[in-house]
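Right, one structure below, let's go through it.
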Protein chains: 2
Amino acid sequence: MKKNVTYSISDLAKHFDVTTRTIRFYEDQGLLSPERKNTVRIYNDRDRVRLQLILRGKRLGFSLAEIKETLKLYDSTPDKKIQLEYVLNVINTHRKELLEKQKDIKRTLADMKKVEQKIIKRLETLNNKQRSHS
Amino acid sequence: MKKNVTYSISDLAKHFDVTTRTIRFYEDQGLLSPERKNTVRIYNDRDRVRLQLILRGKRLGFSLAEIKETLKLYDSTPDKKIQLEYVLNVINTHRKELLEKQKDIKRTLADMKKVEQKIIKRLETLNNKQRSHS
DNA sequence: CTAGACATTGACGTTAACGTTAAGGGTAGT
DNA sequence: ACTACCCTTAACGTTAACGTCAATGTCTAG
């Protein structure tokens, strides 16, 4: 059972906390292509998911150009062996990039923890001095 | 035992695969402040680590302004309780952001896997057709 | 001491990703 | 019919993060 829901541009803008300008810009760059009723844009669930993917990509530091390429690739359904294997290759490259970012995050979290421990120790010594003076 | 090594700007540029312009720009923005021998910049290990942190932050999609603030914060060693607790708060905010990004990565990896499976299946059916025609 | 390699400081140029304003079309309620 | 509100395109503006010269200084090997 498919929900055949539609959204206005401001619906999506509010939901994802971006401006309508941003959404129109993504369309301008070829990342979205909603239907039109006259001139008015009408987004369906597929469009919504696309926008979600775009914003997710942005949060991870990818450029719109990169995101566009991956969307194009993942949407494509080639029928020849070479093309299919090419897609698999690109997917593996992307996976490696993401795993690198994951490592970066873990490293950063580890560094943060060290700083945190330092500060907590400082707070403890501060509290001890406080107590010894009371 | 501390290594008291120093690096030229092009040493660092080569090692981290960025241009010297980039490194100078970071200094201009207050993210680095190496020593000088006359006018020539001389970087030590602490500077090197800083640059590494900057680039790591960039890869994760943070702006130089954000990176600057976190570096400033983590370098600071306040002595008052309120300040220390404030730092802990900011650290926790940063941690949440990073955990969000981690989720984004996992979601993306999961989506990628689905696409991959689809393609692999297509490849298998292709191979089967191939075999049945031989 | 001199060439060649690397360093410096401006300063203007470029690109991505929108922001902002202008000028107006479509429609739903009163 | 009028108002309010949302939509549209078009076009110029802005900011971050460097790139790209140009003109000049410095240092190291021969």
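Note on naming: letters A, B, ... go to the chains in the order of the sequence lines (proteins, then strands), and numbering restarts at 1 for each one.
If you measure from atom CD of A:Gln29 to atom P of C:dA17, you get 7 Å, rounded to the nearest angstrom. Following rounding to the nearest Å, A:Lys37 (NZ) and D:dC7 (P) show an atom-to-atom distance of 14 Å. Rounded to an integer number of Å, the gap from A:Arg41 CZ to C:dG26 P is 15 Å. Here the C1' atom of nucleotide C:dC18 and the CG atom of A:Leu31 are 13 Å apart, to the nearest Å. Rounded to an integer number of Å, the gap from CZ of A:Arg36 to P of D:dT8 is 6 Å. Residue B:Ile9 contributes atom CD1, which lies 13 Å from atom C1' of D:dC18 at whole-angstrom precision. Here the P atom of nucleotide D:dG19 and the CG atom of B:Asp28 are 14 Å apart, to the nearest Å.
Near DNA chain D, meaning a heavy atom under 4.0 Å from it, residues 48-69 of chain A has no residue at all. A heavy atom lying under 4.0 Å from DNA chain C marks the following residues of residues 19-27 of chain A, by number: A:Thr19, A:Arg21, A:Thr22, A:Phe25, A:Tyr26.
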(request) Determine, step by step, whether A:Asp45 and A:Tyr7 satisfy the side chain to side chain donor-acceptor pair (under 3.5 Å) criterion, reporting the C-alpha distance in whole Å, the side-chain angles of both residues, the deciding distance to 0.1 Å, and the verdict. (result) CA-CA 8 Å; A:Asp45 281 307; A:Tyr7 313 88; 2.7 Å; yes

(message) If you apply the rule side chain to side chain contact (heavy atoms under 4.5 Å, CB included), what do you find for B:Lys114 with A:Tyr74, and how did you get there?
(response) CA-CA 10 Å; B:Lys114 282 186 194 173; A:Tyr74 290 13; over 6 Å; no

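Salt bridge present: B:Arg95 and A:Glu116 bring a charged side-chain N and a carboxylate O closer than 4.0 Å. A:Lys103 and A:Glu100 are joined by a salt bridge, as a carboxylate oxygen and a charged side-chain nitrogen come within less than 4.0 angstrom of each other. Taking 4.0 Å as the cut-off between side-chain N and carboxylate O, A:Arg56 and B:Asp111 count as a salt-bridged pair. Using a 4.0 Å cut-off between a side-chain N of Lys or Arg and a carboxylate O of Asp or Glu, B:Asp75 and B:Arg46 qualify as a salt bridge.
To the nearest 0.5 Å, atom CD1 of residue B:Ile67 and atom CG of residue B:Leu53 are 9.0 Å apart.
Here the side chain of B:Ser10 is nearest to one of D:dT8, C:dT8, C:dA7, namely C:dA7.
Among all heavy-atom pairs drawn from A:Lys68 and A:Gly30, the shortest one is CE-O, 4.1 Å.
With a 6.0 Å cutoff to the six-membered ring centre and a 45° limit on the axis angle, A:Lys101 counts as a cation-pi contact of A:Phe62.
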